[in-house]
Amino acid sequence: SAVISQKPSRDICQRGTSLTIQCQVDSQVTMMFWYRQQPGQSLTLIATANQGSEATYESGFVIDKFPISRPNLTFSTLTVSNLSPEDSSIYLCSVEYSSGGPFEQYFGPGTRLTVT
Amino acid sequence: AQSVTQLGSHVSVSEGALVLLRCNYSSSVPPYLFWYVQYPNQGLQLLLKYTTGATLVKGINGFEAEFKKSETSFHLTKPSAHMSDAAEYFCAVRTGGGNKLTFGTGTQLKVEL
């Protein structure tokens, strides 16, 4: 399996500011994903990030609000811009990885964001 | 479009009792199905998956699930609950040609003495 770390694990930010979340994987992976988990809710896919190409955003998510970088096969960042209290969520990075069989998605521990 | 329905947002069982968490899916093509577990303040951990082949799949921590195409279900079971099983469980579906996971709304499992 792939081991994924995220930084920071949690943060408290003021509205109007931005937070950049880092995701590091211990293996080279083609596809990385960013999810949002709002309080008490399920996971919603924000975007898919392939190395060397622009991220693909899901309906309801835009690049200006959630810019993503994917500079290499083991790292990605998600920035949540112009923060509002509604952005308070857990943000999770995941990767698609195969150990010989069908691809599976592995998740990082998440970044808990509180906007005040 | 694919979707996942988890019946029961909260399930409570006694320690040692059977655990049954329900998941029904909707997919126009043969699905890949997953169960994930999320412990408090942690990320998601893959419990088990169904892709092809045997419809009864075994996962970690004594959990198993059975893919029933006729019922479009993938219910998660464990014969005997343990206190450490208390967590939130998510069912997810992925269609074979794509890579996006669609998650259910989750079931919070509580295990009581």
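Residue numbers start from 1 in every chain, and the chains themselves are labelled A, B, ... in the order their sequence lines are given, proteins ahead of strands. Fair warning: this is a prediction, and the values are worked out from it, not measured in the lab.
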In terms of hydrophobic clustering (I, L, V, M, F, W, Y; side-chain heavy atoms under 4.5 Å; direct or indirect links), are A:Ile90 and A:Leu113 co-clustered?
no
Sorted by number, residues from residues 60-77 of chain A in contact with chain B (heavy atoms, under 4.5 Å):
none
Under a 4.5 Å side-chain heavy-atom rule over Ile, Leu, Val, Met, Phe, Trp and Tyr, are B:Leu33 and B:Leu47 clustered together?
yes
Part of A:Glu58 lying under 4.5 Å from any heavy atom of chain B:
side chain
Go through the steps for A:Gln37 and B:Phe90 under the test side chain to side chain contact (heavy atoms under 4.5 Å, CB included), then give the verdict.
CA-CA 12 Å; A:Gln37 185 178 22; B:Phe90 292 96; 3.5 Å; yes
Common cluster, B:Val57/B:Tyr25, ILVMFWY with side-chain heavy-atom separation under 4.5 Å
yes
Taking the side chain as every heavy atom from C-beta outward, state whether A:Gln105 and B:Leu46 have any pair of such atoms under 4.5 Å apart.
no
So, the part of A:Leu92 with a heavy atom under 4.5 Å from chain B: the answer is side chain
Do you reckon B:Val37 sits in the same ILVMFWY cluster as B:Val19, going by side-chain contacts under 4.5 Å, direct or chained?
yes
A:Glu54 atom CD, over 12 foreign heavy atoms within 6.0 Å
no
Residues B:Arg94 and A:Glu104 bridged, charged N to O under 4.0 Å
no
Restricting to ring-ring contact (aromatic ring centres under 6.0 Å, His included), what partner residues turn up for B:Tyr50, sequence neighbours left out?
B:Phe67
Students should find that the hydrophobic cluster of A:Tyr106, defined by side-chain heavy atoms under 4.5 Å apart, otherwise consists of A:Ile4, A:Val25, A:Val29, A:Met32, A:Val95, A:Tyr97
Rounded distance [0.5 Å steps], OG in A:Ser42 versus CD in B:Gln38:
9.0 Å
Any link between A:Phe107 and B:Tyr89 through a network of hydrophobic side chains (Ile, Leu, Val, Met, Phe, Trp, Tyr) touching at under 4.5 Å?
no
Strictly less than 4.5 Å between heavy atoms, which residues of residues 101-113 of chain B line up against chain A? Please order them by number.
B:Leu101, B:Phe103, B:Gly104, B:Thr105
